[in-house]
**Student:** 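This is the structure I want to talk about, given as structure tokens.
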Amino acid sequence: SGRPMVHLQVPSDFITFWKKIQRFHNLSVFDSVENIVSAYEIQIYKESAEHHPQMASQYALAINRQVPEFESIIAKDGKASVEYAIHVLKNRFCEGEYAIAKEAEYSFEYAKINGPFPLGEKAIAKNADYSLLYAKYILKHRFILGEPAIVKDDYVRLAYTSLFNL
């Protein structure tokens, strides 16, 4: 009696969902998922985004615009914050910088779009590889704070010393 129960399977992330839609519709240009997906489907993802930083960041990417109402959620996670800054804002995301600064990888990626990232240098300095990359591509000079990690890795030390004629 009544209507049958409908079970919707929501992918674990919105980007996977969007890529499936792109393949299904043979879309080559990343425009906005809102042009393809129903308002109901968008609402499902929006509601999921209200509770999870990664989903909130991916939702913003999928609709291809800033989502101020989710920025405090996104800012709780370094990966979500750096993705949001790079792919949506294409600029600094001040609210998420503390979360970004906890990880060398996220700090380096963030610095690639915004230049030197002093808040993240402590995390970068713990990783020889990211210290070398940060010195070479971001600072374009020695990264003194990262040198203790650099000297512990023979390959990175050799690359660093030849790069800066040490």
Side-chain angles (χ1 to χ4, degrees), residues 11-23 27-34 45 48-49 51-166:
S12 62
D13 67 85
F14 199 78
I15 300 308
T16 301
F17 176 67
W18 172 240
K19 287 179 180 175
K20 287 179 181 177
I21 290 171
Q22 283 181 307
R23 283 194 301 271
L27 300 173
S28 59
V29 178
F30 185 89
D31 185 15
S32 176
V33 74
E34 289 182 316
Y45 280 100
S48 298
H51 307 287
H52 192 275
Q54 283 290 314
M55 290 294 282
S57 176
Q58 292 171 0
Y59 171 76
L61 179 58
I63 64 169
N64 201 20
R65 67 173 178 262
Q66 187 175 0
V67 286
E69 67 272 24
F70 292 150
E71 288 183 351
S72 63
I73 296 164
I74 294 168
K76 293 176 183 178
D77 181 82
K79 184 177 181 183
S81 293
V82 79
E83 287 176 352
Y84 185 65
I86 292 170
H87 300 295
V88 178
L89 300 178
K90 296 173 179 53
N91 204 343
R92 288 185 67 184
F93 178 44
C94 296
E95 195 172 352
E97 287 184 351
Y98 285 105
I100 293 168
K102 292 177 183 177
E103 296 286 334
E105 177 185 359
Y106 306 147
S107 294
F108 175 71
E109 291 300 320
Y110 190 69
K112 285 172 32 180
I113 63 163
N114 295 302
F117 182 45
L119 190 62
E121 288 182 356
K122 186 176 176 183
I124 293 169
K126 292 177 184 176
N127 182 294
D129 294 316
Y130 283 113
S131 291
L132 172 63
L133 294 172
Y134 189 70
K136 182 176 182 178
Y137 296 109
I138 306 301
L139 298 177
K140 299 183 180 13
H141 59 78
R142 290 175 63 183
F143 179 42
I144 305 298
L145 189 61
E147 289 182 359
I150 289 170
V151 299
K152 292 177 184 174
D153 183 306
D154 292 338
Y155 175 78
V156 175
R157 183 180 68 240
L158 179 63
Y160 186 82
T161 56
S162 71
L163 180 65
F164 296 110
N165 299 316
L166 301 174

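Note that the numbering runs from 1 along the sequence shown for the chain. Bear in mind that the values here come from a model prediction, so they are computed numbers and not experimental data.
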**Student:** Between M55 and I73, is there a side-chain heavy-atom distance shorter than 4.5 Å?
**Tutor:**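 No - every pair of side-chain heavy atoms lies 4.5 Å or more apart.
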
**Student:** Quick one: do I74 and E83 satisfy side-chain contact (heavy atoms from CB on, under 4.5 Å)? Show the steps, please.
**Tutor:** CA-CA 10 Å; I74 294 168; E83 287 176 352; over 6 Å; no

**Student:** How long is the span from the CG atom in D129 to the CG atom in D153, to the nearest 0.5 Å?
**Tutor:**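 Between atom CG of D129 and atom CG of D153 there are 6.0 Å.
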
**Student:** Using 0.5 Å steps for rounding, measure from the CD atom of E95 to the CD1 atom of I100.
**Tutor:**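 That separation rounds to 11.0 Å.
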
**Student:** Are the side chains of E109 and I86 in touch, meaning some heavy atoms are under 4.5 Å apart?
**Tutor:**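 E109 reaches I86 side chain to side chain.
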
**Student:** Where do S107 and E121 land on the side-chain contact (heavy atoms from CB on, under 4.5 Å) test, with the steps shown first?
**Tutor:** CA-CA 7 Å; S107 294; E121 288 182 356; over 6 Å; no

**Student:** Find out whether E71 and Q66 are in side-chain contact, i.e. whether some heavy atom of one side chain is under 4.5 Å from a heavy atom of the other.
**Tutor:**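 SC-SC contact between E71 and Q66 confirmed.
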
**Student:** Among F117, Y106, F108, Y110, find the one that has a ring pair (Phe, Tyr, Trp, His ring centres under 6.0 Å) with Y130.
**Tutor:**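 It is F108; the other options fail the test.
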
**Student:** To the nearest 0.5 Å, tell me how far I138 CD1 sits from I124 CD1.
**Tutor:**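 Between I138 CD1 and I124 CD1, I get 8.0 Å after rounding to 0.5 Å.
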
**Student:** Test D77 against Q54 for side-chain contact (heavy atoms from CB on, under 4.5 Å), laying out the working first.
**Tutor:** CA-CA 8 Å; D77 181 82; Q54 283 290 314; 3.0 Å; yes

**Student:** Is any side-chain heavy atom of F143 closer than 4.5 Å to a side-chain heavy atom of K136?
**Tutor:**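 When only atoms from C-beta onward are counted, K136 and F143 do not touch, as no gap falls below 4.5 Å.
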
**Student:** Any salt bridge linking E97 with R92? Criterion: basic side-chain nitrogen under 4.0 Å from a carboxylate oxygen.
**Tutor:**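 Yes.
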
**Student:** Does the gap between the ring centers of Y160 and F164 come in under 6.0 Å?
**Tutor:**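 For Y160 and F164, the ring centres are under 6.0 Å apart.
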
**Student:** Considering non-hydrogen atoms only, spot the tightest contact between Y134 and A111 and give its length.
**Tutor:** CE1-CB, 3.8 Å

**Student:** Test ring pair (Phe, Tyr, Trp, His ring centres under 6.0 Å) on Y84 and F93; report intermediate values, then the result.
**Tutor:** CA-CA 8 Å; Y84 185 65; F93 178 44; 5.0 Å; yes

**Student:** Could you walk me through whether I113 and K90 pass the side-chain contact (heavy atoms from CB on, under 4.5 Å) check?
**Tutor:** CA-CA 7 Å; I113 63 163; K90 296 173 179 53; over 6 Å; no

**Student:** If every non-hydrogen atom of A159 is compared with every non-hydrogen atom of L132, which pair is closest and at what distance?
**Tutor:** CB-CD2, 3.9 Å

**Student:** Indicate yes or no: at least one non-hydrogen side-chain atom of R65 is less than 4.5 angstrom from one of V88.
**Tutor:** no

**Student:** For a quick test of reading the model, state the closest non-hydrogen atom pair linking L61 to H87 and the distance between them.
**Tutor:** CD1-CB, 3.6 Å

**Student:** Measure the shortest side-chain to side-chain distance between N91 and N114 over non-hydrogen atoms and say whether it is less than 4.5 angstrom.
**Tutor:**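 Contact flag for N91/N114 side chains = yes.
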
**Student:** Show the nearest heavy-atom pair for residues A104 and A123, with the distance to one decimal.
**Tutor:** CB-O, 3.5 Å

**Student:** Is there side-chain contact between S131 and E147, with heavy atoms separated by less than 4.5 Å?
**Tutor:**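 Side chain of S131 against side chain of E147, heavy atoms only: no contact under 4.5 Å found.
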
**Student:** Looking only at heavy atoms, what is the nearest atom pair of A128 and A149, with distance?
**Tutor:**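 Residues A128 and A149, closest heavy atoms: CB-O, 3.5 Å.
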
**Student:** Please report the closest heavy-atom contact between Y98 and K102, naming both atoms and the distance.
**Tutor:**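 Looking at all heavy atoms of both residues, the shortest contact is O-CG, 3.5 Å.
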
